[in-house]
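Accompanying notes for the structure given below.
Letters go in sequence order (proteins before strands), and every chain restarts at 1. If you're wondering where the values come from, they're calculated on a predicted model, not measured in any experiment.
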2 protein chains.
Amino acid sequence: MNQIELDSFDWRLLKALQTNARLSNVALSEQVNLSPSQCSRRLQRLEQHNLIEAYFTQLNASELGYQVTAFVNIALDKRQQNSDKDFKQTIEAIPEILECYSISGEANYWLKVISSDLPSLSIFLNESLGNLPYIQDLTSTIVLNRVKYSPYIPLPN
Amino acid sequence: MNQIELDSFDWRLLKALQTNARLSNVALSEQVNLSPSQCSRRLQRLEQHNLIEAYFTQLNASELGYQVTAFVNIALDKRQQNSDKDFKQTIEAIPEILECYSISGEANYWLKVISSDLPSLSIFLNESLGNLPYIQDLTSTIVLNRVKYSPYIPLPN
DNA sequence: CCTGAAACATAATGCAC
DNA sequence: GTGCATTATGTTTCAGG
């Protein structure tokens, strides 16, 4: 898409920012061995070239009352026209659905949802999702434990 | 766990930071209607109470050469001792595995992995993962399209 | 618990190289 | 394309309500 030449300084900047999005240019300059002003400029360049999609804060979900994570597989009824479009709009509007992907295989969509507890999850699955008219099949899996969460793209040196 | 009273200002701070982790205290103060100095203090308090787990930068994976995302379900061979521990160490060490959860149901673990392209994914699944001795079963699903990605915890007002 | 001002730190940019 | 110097912004402490 956008062709941009990245050098070792850029990789180091991206790496440092992946692990802490709030690093100042001074802090970055120490990690990448470049002057703060250059860090600032290069960062602007990386943002302009769309290599950085977002800076976001990961909150402690369980401290904030969301104790349960579940994965949901959904198959839509393809006979219904516009079901995909309606489905996507519905997905967007439900904040408990954090992620949604269309996938290969029998199910059409995979969702990551959070809920306060199991009873709430049950209600959510049955009412918010289960009642949608164009859903043919819905299966859910409860997350028992988070083993790894490091959404950091591997980068060269 | 940690009991901390959060008021409307705290919720607004967290909300603002979720969507942009790099907001300055001045910018935050405008969004939440509080002085910059108070934003700074409250933010420190929220961090100290562990409500904020990380500030991270989401990079454009496909621009950086990772065009393929896949989900992998893995069942471990329970007869092998210590297989869980070995497995977790292996998972941690492989950067292409971004997330891993232990889950209910037939499979033991669910993984999100990224790869440059389908041939690389195939090699990765067969060699890096498939060859582990304690794996009993491994199935993968290719992500066709990202419909929603907004890992923002729903918060009160 | 808050604001506002002062002292300090950092960011952005023009310029020389 | 980089570092340095300057000016503009931002951060944080502290006095005072």
Side-chain angles (χ1 to χ4, degrees), chain A residues 1-60 63-65 151-157, chain B residues 1-60 62-65 152-157:
Chain A
M1 302 248 283
N2 261 311
Q3 38 203 10
I4 169 178
E5 278 292 325
L6 300 178
D7 66 11
S8 165
F9 289 121
D10 295 310
W11 299 126
R12 278 187 268 167
L13 274 172
L14 291 173
K15 268 188 199 175
L17 280 170
Q18 276 201 116
T19 48
N20 184 358
R22 275 178 82 81
L23 288 174
S24 69
N25 288 328
V26 173
L28 286 171
S29 76
E30 285 161 7
Q31 292 204 24
V32 308
N33 282 311
L34 203 64
S35 66
S37 53
Q38 286 312 316
C39 289
S40 168
R41 276 203 261 249
R42 278 170 177 267
L43 188 45
Q44 286 176 19
R45 177 168 159 268
L46 293 169
E47 287 173 353
Q48 277 159 19
H49 283 81
N50 209 27
L51 288 164
I52 292 172
E53 292 189 348
Y55 299 105
F56 86 74
T57 300
Q58 190 201 337
L59 303 183
N60 189 326
E63 287 284 343
L64 290 164
Y152 307 125
I153 310 294
L155 299 173
N157 288 314
Chain B
M1 302 246 282
N2 260 311
Q3 37 203 12
I4 170 178
E5 277 292 325
L6 300 178
D7 66 11
S8 164
F9 289 120
D10 295 310
W11 299 127
R12 279 186 268 168
L13 275 172
L14 292 173
K15 268 189 200 174
L17 281 170
Q18 276 201 117
T19 47
N20 184 357
R22 275 178 83 80
L23 286 174
S24 68
N25 288 328
V26 173
L28 286 171
S29 77
E30 286 161 7
Q31 292 203 24
V32 308
N33 283 310
L34 204 64
S35 65
S37 49
Q38 285 311 313
C39 289
S40 168
R41 288 222 193 127
R42 279 170 179 267
L43 188 44
Q44 284 177 20
R45 177 167 158 268
L46 294 170
E47 286 174 354
Q48 276 159 20
H49 282 81
N50 210 28
L51 288 163
I52 292 172
E53 293 189 348
Y55 299 105
F56 87 75
T57 300
Q58 190 201 338
L59 302 183
N60 189 326
S62 71
E63 286 284 342
L64 291 163
Y152 306 125
I153 310 294
L155 300 172
N157 288 313

Between C:dT13 atom P and A:Q44 atom CD, what is the distance in whole Å? 6 Å
Shortest side-chain distance from B:L34, nucleotide among C:dT10, C:dT13, C:dT3: C:dT3
Sugar-phosphate only, base, or nothing, as touched by A:R45 at under 4.0 Å among non-hydrogen atoms: nothing
Do A:F9 and A:L28 have side chains that get closer than 4.5 Å, going by heavy atoms? no
Would you mind telling me which of C:dT10, C:dT13, D:dT11 lies closest to the side-chain atoms of A:S24? C:dT10
Would you mind reading off the distance between B:L43 atom CG and D:dT13 atom C1', rounded to a whole angstrom? 16 Å
Can you measure A:N25 atom CG to D:dT2 atom C1' for me and round it to whole angstrom units? 15 Å
Pair A:R41-A:S37, side-chain donor/acceptor within less than 3.5 Å: no
Whole angstroms only, please: what is the CG-C1' distance between A:L46 and D:dG1? 14 Å
For atom CG of B:L28 and atom C1' of C:dT3, their distance in whole Å: 17 Å
To the nearest Å, how far apart are A:Q38 CD and D:dG1 P? 10 Å
A side-chain contact here means heavy atoms from C-beta on lying under 4.5 Å apart; do A:D7 and A:R42 qualify? yes
So does A:R41 reach the base of D:dG3 with its side chain, donor to acceptor, closer than 3.5 Å? yes
How close or far is atom P of C:dA11 from atom CD of A:E30, stated in whole angstroms? 11 Å
Nearest-angstrom distance from the residue atom CG of B:L23 to C1' of C:dT10: 17 Å
A:R22 side-chain N/O to B:A21 backbone N/O, donor-acceptor pair under 3.5 Å: yes
Looking at every non-hydrogen atom in both residues, tell me the closest pair between B:Y55 and B:L43 and how far apart they are. OH-CD1, 3.6 Å
Shortest side-chain distance from B:S37, nucleotide among C:dA5, C:dC2, D:dT2: C:dA5
Using a 4.0 Å heavy-atom cut-off, does B:S40 contact any base of the nucleic acid, only the sugar-phosphate backbone, or nothing at all? sugar-phosphate
